[in-house]
Amino acid sequence: MQKKIVLRWIYLFIAPAVIIFMMFYFWPILTVFYTSFTTWDGFNQPSFIGLANYIKLFGKEEFLISLKNLLAWSAIAAVLHVGYGTVIAFLLYKKPFGWKFVRSVYMIPNVISVAAWAIIYRFVFNNEFGILNRLIRLINPNFEVSWFYESPYAFWAITLTWLFYAVYITLVVLTDLMAIPDEIHEAARIDGANSFQSTLRIDLPLIKNAIGTGIILSITSRIAMYETIALTSRGGPGDDTMNIPLIMVKAITDLKYGYANAASVIMIVLGILTLVIVDKTFRMKEKVY
Amino acid sequence: MIIKLTIRGGKVMKKIFSIFLILVMVTSLMVGCSKTEDTRVDNSKETQKAEVKSDSSSKDESSKEVVLNIPHYKAGQNVGGKFFLPQVERFNKKYEGMYEVVIDEIPQDSYMEKIKQLAQQNKLPALIEGAEKEWFEKVIIANDRYYDLSNFIDSNPDLKDLLVVDSMMYNAVGSSIVSMPLTVVRPIGLYYNDDMLDVEGGIGSLSIDEFTTLLEGQEQKIAFMTAENAWTTSLFFTAIVAEQENGLDMIKTGVMNPVTDYTTDLWVNSFTKLQYYLQNLASSNTLGAAYADAANSFMSESAAVIANGPWMTGDFAPEASDKWSNDFNGDKVKGDIYPGNVAIASTDGYGWWIPSGLPEDETEAALAFLEFINSPEELEAYMLAEGGIAPFLTPSQEYLDELANNRILSELSNAVNRDTIFTPMATAVMPASVSNEEFGKLLPKLIDGTYTPMEFAEKLSEKAVEAME
């Protein structure tokens with residue numbers, strides 16, 4: 001009886017959050033799903049057309065290029081982006097001199113909005129006066145590349161805008177590292193393990209959930225990446241740097257909300273797939289201790 | 001007994017307090033969400049007045065002044081803001097105590113998207129300038145979400161006499177007028193550096209091929225903007241298309257009925273010429289150049305020519321000398337029209353409009369603003385600042401004297417003659433997403449030779465067909 005009363009109060013206290021979630025997340029997501037099967041201009045009544053939007057989407061070259069780009073960016077994110085963040089976490093974990101300062105400075109780029117960074121990168125990668133080309137011209141004076149507007153450089157220029165900003169990965173991994181009990185390291189030391197073995201055999205397995213979380217965060221960010229591309233290459237040159245959010249926005253510009261929502265549904269499905277695959281690969285439900 | 005009562009009373013108080021806390025949480029979440037949104041709106045834009053109301057309009061309680069919060073891109077660093085903001089100030093001064101217009105700055109690229117969002121939320125501001133043709137017709141006109149301006153125009157005969165007839169016809173839907181017709185037509189031409197490019201008889205008197213020869217002979221370049229919506233490239237491209245056989249007719253009919261096939265000889269020949277210009281006669285920073293890059297190229301003497309509207313003349317005044325470099329001087333700039341005696345001007349388009357369903361006082365305030373900006377004094381001030389012709393306005397002597405002092409605007413005005421071909425922009429015949437996005441995205445591939453002109457045409461046609469499906 002006491003437990004029922006307690007449960008009742010628990011439900012009552014979480015009710016506001018659940019109501020807000022239903023109103024501002026769940027209901028709009030349902031609307032997105034439903035209208036993805038309709039033709040809808042965003043204002044008048046939608047009319048049901050079945051799978052036509054999806055068939056059209058998968059028949060478009062720009063969508064297939066978007067999927068290809070996403071696959072490539074996801075692979076780079078999972079390996080290089082998360083790897084870089086993890087390495088920084090390990091370096092900070094060793095607590096070298098000034099590690100707190102380094103940690104704070106490392107976080108500064110994430111304080112700046114993505115849109116502002118995109119504008120900054122337009123200048124960094126500018127062919128005429130960008131700092132990157134000026135540095136390269138110290139070695140090769142004839143170097144001329146408009147990074148965001150030439151194939152195949154545009155893809156790599158977009159990649160470089162996010163590759164080294166791995167603060168969230170670092171923080172998640174560092175938190176898990178710091179939670180490892182010292183006794184385990186001590187026991188390993190007593191057993192004769194060196195620092196590298198300790199890192200490889202103890203730290204890495206124990207932080208697998210953090211790494212898995214980092215990969216999920218990174219890949220889902222690539223799926224939803226919009227401002228960086230919209231403010232730099234705009235999906236060009238041609239369709240070289242197209243991704244699904246750009247397709248969605250373009251469809252909205254053409255008053256094709258049903259088609260745009262079909263693209264959104266694909267994004268949601270890809271996000272869920274990422275969750276499931278990473279969860280299975282890293283066996284995130286298993287306890288590490 | 002007393003202790004039991006106290007304990008029971010305490011538990012009841014605890015329950016009441018808990019329920020009260022839940023209600024406060026729900027209320028604060030709701031209020032918090034809306035407050036955050038308003039704060040984001042307030043913080044994300046520069047406002048021109050210290051007080052910005054969180055609703056789209058409000059009344060100043062003490063004086064019953066109607067305040068209209070209008071999102072607009074002609075603010076901040078936007079070139080249009082130089083004239084528009086002082087104009088708004090003049091309106092506010094004239095109607096002090098009655099009406100006040102407060103401008104919320106929106107980046108120009110995002111203006112229509114913002115308006116569309118507000119339309120979806122039923123929160124359209126009292127005044128909106130322009131609209132994308134397709135959206136306006138499918139959403140606003142189809143659902144009668146516009147305020148019919150016909151009564152306003154009919155009750156202002158002086159104003160009615162100033163309206164351009166073609167524009168009136170374009171804005172008429174049945175007996176209603178859906179947006180304010182034009183009073184001023186602004187032919188868009190180009191500017192060239194007289195020191196760098198020696199032109200006899202004016203650029204307008206040359207054909208495209210002659211102009212090409214002139215540039216090649218004097219080894220001069222054109223500053224093109226190829227990023228974003230490739231605005232200045234589209235302007236020059238229009239001159240190329242208009243010079244083609246049937247080019248002008250195609251553009252004029254295409255504005256009403258979008259074109260989706262660009263693989264005809266007319267288009268492919270135009271793309272071929274455009275490619276030649278972009279590869280051989282464009283400034284070195286052309287690939288991926290935003291407007292600022294193109295303007296900088298012209299004003300640092302890296303290019304001798306730039307295509308742009310009369311609103312750019314402000315950049316050549318001494319007050320704008322901080323934008324100049326490398327011995328560039330505004331005195332060297334001459335205004336002209338395009339080769340082939342082409343000037344870009346269109347009376348087909350939606351101007352200022354008022355949404356339906358506003359409170360009466362806001363509608364009155366909005367109409368007062370429209371009347372103000374179309375008054376003879378304001379039209380003359382507008383033309384002096386941004387160029388253009390008000391075909392039905394009898395200009396005052398002060399205006400004519402001032403115009404004579406503005407050398408570049410005079411040159412632009414004098415470049416237009418009886419035989420000048422007025423045309424809308426060639427990209428106006430394309431679906432919105434093609435002219436605003438795809439054209440600029442595909443240009444780099446035309447420039448670097450990845451696409452031939454025919455391949456470029458085919459790709460663009462593909463995008464246009466998709467957009468119209």
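By convention in this document, chain letters (A, B, ...) are assigned in the order of the sequence lines, proteins followed by strands, and residues within each chain are numbered from 1. The structure displayed is predicted, hence computed values, not measured ones. Computed over heavy atoms, backbone and side chain alike; hydrogens, waters and symmetry mates excluded.
- Of the inter-residue distances, the one linking Ser151(A) atom OG with Asp448(B) atom CG reads 6.5 Å to the nearest 0.5 angstrom.
- Proximity to chain B among residues 53-65 of chain A is limited to Lys56(A), Lys60(A), Glu61(A), Glu62(A), judged by heavy-atom separations below 4.5 angstrom.
- Within a 6.0 Å radius of CH2 in Trp9(A), other residues, nucleotides and ligands contribute more than 12 heavy atoms.
- With a threshold of 4.5 angstrom between heavy atoms, Ala119(B) approaches chain A through its backbone and through its side chain.
- Summarising the geometry, atom CG belonging to Asp293(B) is positioned 5.5 Å from atom CZ belonging to Phe129(A); distances are rounded to the nearest 0.5 Å.
- Both the backbone and the side chain of Glu466(B) come within less than 4.5 Å of a heavy atom of chain A.
- Side-chain contact annotation: Asn143(B) with Asn44(A), donor-acceptor N/O pair under 3.5 Å present.
- By number of non-hydrogen pairs under 4.5 angstrom with chain A, the leading residue of Asn285(B), Leu287(B), Leu442(B) is Leu287(B).
- Residue Trp147(A) does not touch chain B at all, counting heavy-atom pairs closer than 4.5 Å.
- Tyr149(A) contributes atom OH, which lies 11.0 Å from atom CD1 of Ile447(B) (distance to the nearest 0.5 angstrom).
- The closest side-chain heavy-atom distance from Glu128(A) to Ser284(B) is below 4.5 Å.
- Around CZ of Phe123(A), the count of heavy atoms belonging to other residues, nucleotides or ligands within 6.0 Å does not exceed 12.
- Residue contact with chain A, scored on non-hydrogen atoms closer than 4.5 Å, involves the side chain of Lys459(B) exclusively.
- The existence of a salt bridge linking Arg234(A) and Glu228(B) is excluded, since no basic side-chain nitrogen approaches an acidic carboxylate oxygen closer than 4.0 Å.
- Taken to the nearest 0.5 Å, the CZ atom of Arg145(B) stands 6.5 Å off from the CZ atom of Phe43(A).
- Contacts from residues 249-262 of chain A to chain B, taken as heavy-atom pairs separated by less than 4.5 Å, involve Lys250(A), Thr253(A), Asp254(A), Leu255(A), Lys256(A), Tyr257(A) in sequence order.
- With a 4.5 angstrom heavy-atom cutoff, Phe148(A) does not touch chain B via any of its atoms.
- With a 4.5 angstrom heavy-atom cutoff, Met468(B) touches chain A only via backbone atoms.
- Ion pairing between a basic and an acidic side chain is recognised when a charged N comes within 4.0 Å of a carboxylate O; Asp239(A) and Lys463(B) show such pairing.
- The minimum heavy-atom distance between Arg122(A) and Ala290(B), with the atom names listed, is NH2-CB, 3.2 Å.
- With a 6.0 Å radius and a threshold of 12 heavy atoms from other residues, nucleotides or ligands, Leu30(A) has its CG atom above the threshold.
- Residue-environment remark: CZ (Phe155(A)) exceeds the threshold of 12 foreign heavy atoms within 6.0 Å.
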